[in-house]
*Asks:* 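Mind looking over this structure? Questions follow.
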Amino acid sequence: MEKVTRTDAEWREHLTPEYTDTKTEGVYRCRACGAELFRSDAKFESHCGWPSFYQPTESDAVVLIEDRSLGMTRTEVRCARCDSHLGHVFTGEGYDIPTDQRWCINSVSLTLEPVAS
């Protein structure tokens, strides 16, 4: 298999930031099934490269699964409706947020439904 090598600038040109840096107010839904997962008012800047939220819209919107891959223990986040992998949740990292949880969610797994103006 041929290896793809690009500079940081070339990657930025090729890949879009999706919903990492957007300030758009709205609802984040599962790209696979449309279930409401997060709202923009729970989104915060963690500078991890993926959108970060401090809580899901509802506690039953997601399912948490222990993930022991990559030689570590993490908590995987999946959509409760369709079981799609969304990302991971981390606790105790010291962010100034209400829950002390960083829901690190892959922007490719989300769609953003902006609030109607």
*Asks:* Is there a donor-acceptor contact under 3.5 Å from the side chain of Arg29 to the main chain of Glu113?
*Replies:*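 No, Arg29 side chain to Glu113 backbone: no donor-acceptor pair under 3.5 Å.
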*Asks:* Could you tell me the separation between the OG atom of Ser84 and the CG atom of Leu37, rounded to the nearest 0.5 Å?
*Replies:*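 Taking OG in Ser84 and CG in Leu37, the distance rounds to 9.0 Å.
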*Asks:* Is it the case that atom CD in Glu93 sees more than 12 heavy atoms from other parts of the structure closer than 6.0 Å?
*Replies:*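 Atom CD in Glu93 is crowded, with more than 12 foreign heavy atoms closer than 6.0 Å.
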*Asks:* Please tell me whether Tyr54 and Val89 are part of a single hydrophobic cluster in this structure, the criterion being side-chain heavy atoms less than 4.5 Å apart.
*Replies:*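 Different clusters: Tyr54 never reaches Val89 through Ile, Leu, Val, Met, Phe, Trp or Tyr contacts under 4.5 Å.
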*Asks:* Taking Thr73 for its side chain and Arg68 for its backbone only, find out whether a donor-acceptor pair lies under 3.5 Å.
*Replies:*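 No, Thr73 side chain to Arg68 backbone: no donor-acceptor pair under 3.5 Å.
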*Asks:* Is Arg74 salt-bridged to Glu76, going by a charged N under 4.0 Å from an acidic O?
*Replies:*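 Glu76 and Arg74: not salt-bridged.
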*Asks:* With clusters defined by side-chain heavy atoms of hydrophobic residues (ILVMFWY) lying less than 4.5 Å apart, directly or transitively, does Tyr28 cluster with Ile97?
*Replies:*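 Looking at the clustering, Tyr28 is in a separate group from Ile97.
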*Asks:* The criterion is ring pair (Phe, Tyr, Trp, His ring centres under 6.0 Å); which residues satisfy it with Phe38, sequence neighbours excluded?
*Replies:*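 Phe53.
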*Asks:* Set out, in order, the CA-CA distance, both residues' side-chain angles and the distance that settles side chain to side chain contact (heavy atoms under 4.5 Å, CB included) for Cys33 and Cys79, then state yes or no.
*Replies:* CA-CA 9 Å; Cys33 73; Cys79 175; 3.6 Å; yes
*Asks:* I'd like to know if Leu110 and Leu64 are part of one continuous hydrophobic network [Ile/Leu/Val/Met/Phe/Trp/Tyr, side-chain heavy atoms within less than 4.5 Å].
*Replies:*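 Yes, Leu64 and Leu110 fall within the same hydrophobic cluster.
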*Asks:* Indicate the atoms forming the closest heavy-atom contact of Gly87 with Trp50, along with that distance.
*Replies:*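 Here Gly87 and Trp50 meet closest at CA-CZ3, 4.3 Å.
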*Asks:* Testing the basics here: between Ser107 and Arg31, what is the closest heavy-atom pair and its distance to 0.1 Å?
*Replies:*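 So the two residues come closest at O-NH2, 4.1 Å.
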*Asks:* Looking at every non-hydrogen atom in both residues, tell me the closest pair between Val62 and Pro56 and how far apart they are.
*Replies:*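 Heavy atoms of Val62 and Pro56 come nearest at CG2-CG, 4.1 Å.
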*Asks:* Once ring-ring contact (aromatic ring centres under 6.0 Å, His included) is applied, what residue pairs with a partner in residues 61-85 remain, sequence neighbours excluded?
*Replies:*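 Applying ring-ring contact (aromatic ring centres under 6.0 Å, His included) to every pair that reaches into residues 61-85, excluding sequence neighbours, yields His85-His88.
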*Asks:* Between Pro51 and Lys43, which heavy-atom pair has the shortest distance, and what is it?
*Replies:*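 Shortest heavy-atom contact: CB-CE, 4.1 Å.
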*Asks:* If you look at every heavy atom in Asp67 and Ser69, which pair is closest and at what distance?
*Replies:*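 So the minimum-distance heavy-atom pair works out to OD1-OG, 2.6 Å.
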*Asks:* Do the charged groups of Glu45 and Lys23 touch, with an N to O distance under 4.0 Å?
*Replies:*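 Salt bridge between Glu45 and Lys23, a charged N being under 4.0 Å from a carboxylate O: yes.
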*Asks:* Return the SG to CZ distance between Cys30 and Arg81, rounded to the nearest 0.5 Å.
*Replies:*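 Output value for this atom pair is 8.0 Å.
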*Asks:* Mind running side-chain hydrogen bond (donor to acceptor under 3.5 Å, both in side chains) on Thr57 and Glu36 for me, showing each step along the way?
*Replies:* CA-CA 7 Å; Thr57 301; Glu36 182 176 324; 3.3 Å; yes
*Asks:* Closest heavy-atom contact between Gln55 and Ala42?
*Replies:*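 Where Gln55 meets Ala42 most closely, the heavy atoms are O-CB, 3.8 Å.
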*Asks:* In the single-linkage hydrophobic clustering (I, L, V, M, F, W, Y; side-chain heavy atoms under 4.5 Å), do Leu86 and Leu112 co-cluster?
*Replies:*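 Both belong to a single hydrophobic cluster.
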*Asks:* So, the side chain of Tyr95 versus the backbone of Asp100: is there a donor-acceptor pair under 3.5 Å, distance only?
*Replies:*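 Not a single qualifying donor-acceptor pair exists.
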